[in-house]
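For reference, the structure is listed below as structure tokens.
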Amino acid sequence: MSFLELVGSLKERLSEAASGYPKVEFSILEPPEEFGDLSSNLPLILSKVAGKKPYEVARDIASRLKVDERISEVEAHPSGYLNFRIDYGKFSKEVIERAIEGVRPEWGKGRRVLIEHTSLNPAHQLHVGHLRNVILGDTIYRVLKFLGYEAYVHNYIDDLGLQVGDVMLGIRKLGFDPEGKGLKFDHYIGKIYAEINRMYEEDEGLLEERRKLLEELESLSGVFEFSKLVVDRVVKEQLKTCWRVGARYDCLNYESHILASRMWDDIFEELKRRGIAILSREGRLKGCWYVRVEGEKEGEEKVLVRSDGTTTYIAKDIPYAAWKLGLVEDRFRYVKAMEQPDGSVLWSTALEDGEERHPKFGACDVVINVIDVRQGRLQRMIRYVLERLSGEELKDRYIHLGYEVVSISRDTANEMGIKTDRKVVHMSGRKGVFVSADDLLDSLFTKALAETKKRNPGADEGWARSVAEKVAVAAIRYGMLKQDLDKMLVFDMRKALELEGETGPYLQYTYARASSILRKAGDWSLPESFSFEDESEFKLIKEISKLDFVLDKVHRTLSPVHMAKYGYGLCVSFNSFYERLPVLKEPEEEKRLSRLSLVKAFESTLKTCLELMGIEPLERI
RNA sequence: GGGCUCGUGGCGCAGCAUGGAUAGCGCGGCAGCCUCCUAAGCUGUAGGUCGUGGGUUCGAAUCCCACCGAGCCCGCCA
């Protein structure tokens, strides 16, 4: 029985014991340590409706309560709480055995989920803001996959956007070096992109040139052919960065393929017919087709089709979203684009000549779009249009997983040569103001390599480099996950390079400590019965048992912060156990084997937790 | 102007869904701990009007309202 199940069972038993009272909502929570392992506020709530003193109700319920055998003590506290103690003699065995077995809940079995993340413009390299997106999306993917979902990761390539127009114009004005001037190709194109944006300020005529280029791009001919080559090279380089931090994808969806599929034309007809898309005959939107969300005021309209007949971003997103949900037939063809470092195939949509056999993409039960909060309104609008179209409530099926942006701290901005009085500086690829993801990873690698060598004098160079790379990724991934989605992440180079305290490397270090004990233990097997006596052992067992409790929370909230905090807490518990009690040197056989089992259970649980966050467990560090 | 989000020790954050028992953690400060399973660690200590005011309640960091401060969105860009 896990912690989640224990809480569930306790709640049921409490409801039974309180059957004489009105039915109320109550909770089971963890009290401060001296009050026990679990407690319930049921008597406090009942006292209100029953008009009795909380303590009285608590004693009454305690006397009727038949608890699970894993609960050894029930106390009606004068405060009105019911406090419980876990019988670790009984609880430990199943917790440890289950942890070692690695049982996993299958809450998503039989359900298809589509996660879209990354989706950055193919006009520049990734900066740390994009990294937050990639890492959040990838972590949610890992968790949902673990929970038994049939999960697909999609990366949207906006190959017809303004940014591509900028790049094409930039190349025309600045020239094109197929070698990328010795830079990583996405870095090179990013420089052109920033430079042409600077040039607009001096020469407004360039904007007209770009408009013509965009028209040509949308016609899917002419400059489009060349842009495709550039875009694909940039995407490939961006993917290298994403792979480096452990992400993987199932399919790249190209905007040009959505356009070519003519899915929009059909949906547009339907929107017109149903009166969802409205033609503006006068005023500032004259000649445009727009939507207005019910209840919103005049002036809140969103244009779908411009007066010149071209479509806006939101219009192109509607058929794509409908495809994701299976509201329209799948008109895409698919080809194998490349193999990824994890060995899986990355597919791509195609215009024609697709593979006959391919995984079934789209048509998912749940769609999760990982996009920063600034697009919240647009995402709600897309969902609104889809709801009008399908007549279905999509709140639980079409989810915008919004997160706050990453900005740069004043200190780091100053070090980068950006003068500012403000507390933070917002990143902008267009202005060339950003912290490069590749550069950050390189800096972290260099620092981690020095640390690894310092701690392992004479170690093999290849081994040290491999460890350093994994430590670097752990640092960046944990750093991105440890604060909740609604908090702006202020990037500070000094803090980002930290490898101590609540960081990814701390978790890896703790894992290595446990691995080291198990490696040196030789042959051993689980004892008949466990012998634990120390508070630190009980605490660790309890933490281990909480894995599915935490998974449940992440599943419900889609917020990986809970996984991060859990992994950290698990390690804190282990380290305090580690510092207090010997394992290998414990003279009593039963205790030694019990502790070894506990270490094994911990190692197994932390491993799961790390893998869900995309952090490599390291046996030596 | 309308909408969304955030405000918790010097700094960075958990806790808020489901109100309750001394408000947790990391960094930084101070004091300790390596003849012992990896000190990327551990222990102790100092430091908090939970933005402000009001309301609901026996009880509010948590729920409601107002205000203040910060950020974002409100484009025929994406």
Side-chain angles (χ1 to χ4, degrees), chain A residues 25-29 31-32 34-35 39 41 44-45 47-48 54 77-81 83 119 121 158 161-163 255 280 284-290 296-297 299-300 302-308 310-314 316-317 372-378 380 402 404-405 407 409 422-424 426 448 451-452 454-456 471 482-490 492 494-495 498-510 512-521 553 556-557 561-562 564-565 568-569 571-572 575-576 578-586 595 599 620-621:
Chain A
E25 284 290 314
F26 64 99
S27 47
I28 308 283
L29 37 102
E34 67 265 33
F35 295 114
S39 68
N41 62 353
L44 286 156
I45 292 172
S47 74
K48 216 179 292 188
H77 193 267
S79 64
Y81 272 106
N83 294 327
S119 304
N121 283 309
D158 183 5
L162 205 61
Q163 288 77 5
E255 176 173 323
S280 176
R284 73 186 164 89
L285 298 181
K286 189 172 178 191
C288 297
W289 288 89
Y290 66 88
E296 286 201 344
K297 289 184 272 303
E300 300 280 287
K302 187 75 207 168
V303 171
L304 297 175
V305 179
R306 304 183 186 105
S307 51
D308 66 4
T310 58
T311 53
T312 61
Y313 152 80
I314 179 168
K316 284 173 233 172
D317 235 32
D372 76 53
V373 285
R374 291 173 301 187
Q375 289 204 40
R377 191 176 121 79
L378 249 37
R380 275 194 300 280
E404 265 292 349
V405 295
S407 54
S409 75
R422 308 185 73 166
K423 230 181 144 184
V424 299
H426 286 281
E451 287 293 317
T452 307
K454 196 171 89 193
R455 287 156 212 272
N456 298 276
V471 168
K482 79 172 189 182
Q483 51 257 305
D484 216 342
L485 306 172
D486 56 17
K487 234 95 174 188
M488 183 197 283
L489 204 155
V490 179
D492 185 86
R494 232 182 303 282
K495 282 174 190 149
E498 196 56 65
L499 306 176
E500 289 166 17
E502 195 197 341
T503 64
Y506 169 86
L507 273 66
Q508 287 176 313
Y509 173 76
T510 309
R513 275 184 149 184
S515 292
S516 178
I517 291 176
L518 295 170
R519 190 168 54 241
K520 290 173 181 166
K553 213 179 206 172
R556 282 185 287 112
T557 60
V561 68
H562 305 113
K565 297 290 169 187
Y568 176 71
C571 289
V572 168
N575 278 320
S576 98
Y578 181 95
E579 303 271 348
R580 267 176 80 90
L581 303 169
V583 179
L584 299 175
K585 297 202 168 85
E586 166 58 44
R595 285 177 197 163
V599 173
R620 292 173 200 260
I621 185 168

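All figures in this text were calculated on a predicted structure; none of them were measured in a lab. Each chain gets a letter, A, B and so on, in the order its sequence line appears, and its residues count up from 1.
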Would you call A:Lys454-A:Glu451 a salt bridge at under 4.0 Å N-O?
-> yes
Spacing of A:Leu29 atom CG relative to B:rG20 atom C1', expressed in whole Å | 9 Å
B:rG41 pyrimidine/purine six-ring stacking with A:Tyr578, under 5.5 Å and 30° | no
Hey, does the side chain of A:Lys482 reach the backbone of A:Glu502 with a donor-acceptor pair shorter than 3.5 angstrom?
-> yes
Output the single nucleotide from B:rC6, B:rG41, B:rA78 whose closest atom is nearest the side chain of A:Tyr509.
-> B:rG41
Report the distance from atom NZ of A:Lys454 to atom P of B:rG41, rounded to the nearest whole Å.
-> 12 Å
Which class fits the ring pair A:Phe35 and A:His77: parallel under 30°, tilted 30 to 60°, perpendicular over 60°?
-> perpendicular
Any A:Arg306 side-chain nitrogen or oxygen under 4.0 Å from OP1 or OP2 of B:rC77 = yes
Does the side chain of A:Ser576 get closer than 4.0 angstrom to OP1 or OP2 of B:rC42 through an N or O atom?
-> no
Does OP1 or OP2 of B:rG71 have a side-chain N or O of A:Arg422 closer than 4.0 Å?
-> yes
Roughly how far, to the nearest 0.5 Å, is the CG atom of A:Leu304 from the OG1 atom of A:Thr311?
-> 9.5 Å
Which whole number of Å gives the distance between the P atom of B:rG24 and that of B:rA61?
-> 13 Å
Report the distance from atom CZ of A:Arg377 to atom P of B:rG75, rounded to the nearest whole Å.
-> 7 Å
Derivation of the side chain to side chain donor-acceptor pair (under 3.5 Å) call for A:Thr310 and A:Arg306 | CA-CA 5 Å; A:Thr310 58; A:Arg306 304 183 186 105; 2.8 Å; yes
Tell me: CG of A:Asp484 to P of B:rG7, nearest whole Å?
-> 10 Å
Return the nearest nucleotide to the side chain of A:Glu300; candidates are B:rC37, B:rC74, B:rA39.
-> B:rC74
B:rC16 and B:rA21, which share atom name P, separated by this distance in whole Å = 13 Å
Could you tell me whether the side chain of A:Asp492 and the main chain of A:Arg494 form a donor-acceptor pair under 3.5 Å?
-> yes
Specify the separation, in whole Å, of atom CE of A:Met488 and atom P of B:rU5.
-> 15 Å
Do any side-chain nitrogens or oxygens of A:His562 fall under 4.0 Å of OP1 or OP2 in B:rG15?
-> yes
Could you run down the sub-3.5 Å N/O contacts of the protein with nucleotides 23-32 of chain B?
| unit_1 | atom_1 | unit_2 | atom_2 | d |
| --- | --- | --- | --- | --- |
| B:rG26 | O2' | A:Glu502 | N | 3.4 |

For A:Lys48 and B:rC58, give me the distance from atom NZ to atom P, rounded to whole Å.
-> 8 Å
Pairwise 5' ranking along RNA chain B for A:Lys316 and A:Val405, keeping only the more 5' one | A:Val405
Considering just the side-chain nitrogens and oxygens of A:Arg580, establish if one lies under 4.0 Å of OP1 or OP2 belonging to B:rU43.
-> no
Is any side-chain nitrogen or oxygen of A:His77 closer than 4.0 Å to OP1 or OP2 of B:rG20?
-> no
Phosphate OP1/OP2 of B:rC42 contacted by A:Tyr506 side-chain N/O (<4.0 Å) | yes
The nucleotide from B:rG12, B:rG41, B:rC76 with an atom nearest the side chain of A:Ser307 is B:rC76
Taking the nucleotide of RNA chain B with the closest heavy atom to each, which residue, A:Pro32 or A:Arg519, is nearer the 5' end?
-> A:Pro32
For A:Tyr81 and B:rA21, say yes or no: do the ring centres fall under 5.5 Å of each other while the ring planes differ by less than 30°?
-> yes
Do the side-chain N and O atoms of A:Tyr313 and A:Asp158 include a donor-acceptor pair separated by under 3.5 angstrom?
-> no
Starting at atom CZ of A:Arg374, determine the distance to atom C1' of B:rC4, rounded to an integer number of angstrom.
-> 14 Å
Is the distance from OP1 or OP2 of B:rC6 to the nearest side-chain N or O of A:Lys423 less than 4.0 Å?
-> no
With P as the reference atom in both, quote the distance from B:rG7 to B:rU62 in angstrom, rounded to an integer.
-> 11 Å
Are the side chain of A:Ser516 and the backbone of A:Ala512 linked by a donor-acceptor contact shorter than 3.5 Å?
-> no
Distance in angstrom units between A:Trp289 CH2 and B:rG75 P, rounded | 21 Å
Specify the glycosidic conformation (syn or anti) of B:rC6, with syn defined as within 90° of 0.
-> anti
How does RNA chain B read in dot-bracket, base by base from 5' to 3', with Watson-Crick or G-U pairs under 3.5 Å and | used when the partner is on another strand?
-> (((((((..((((......[...)))).(((((.......))))).....(((((..]....))))))))))))....
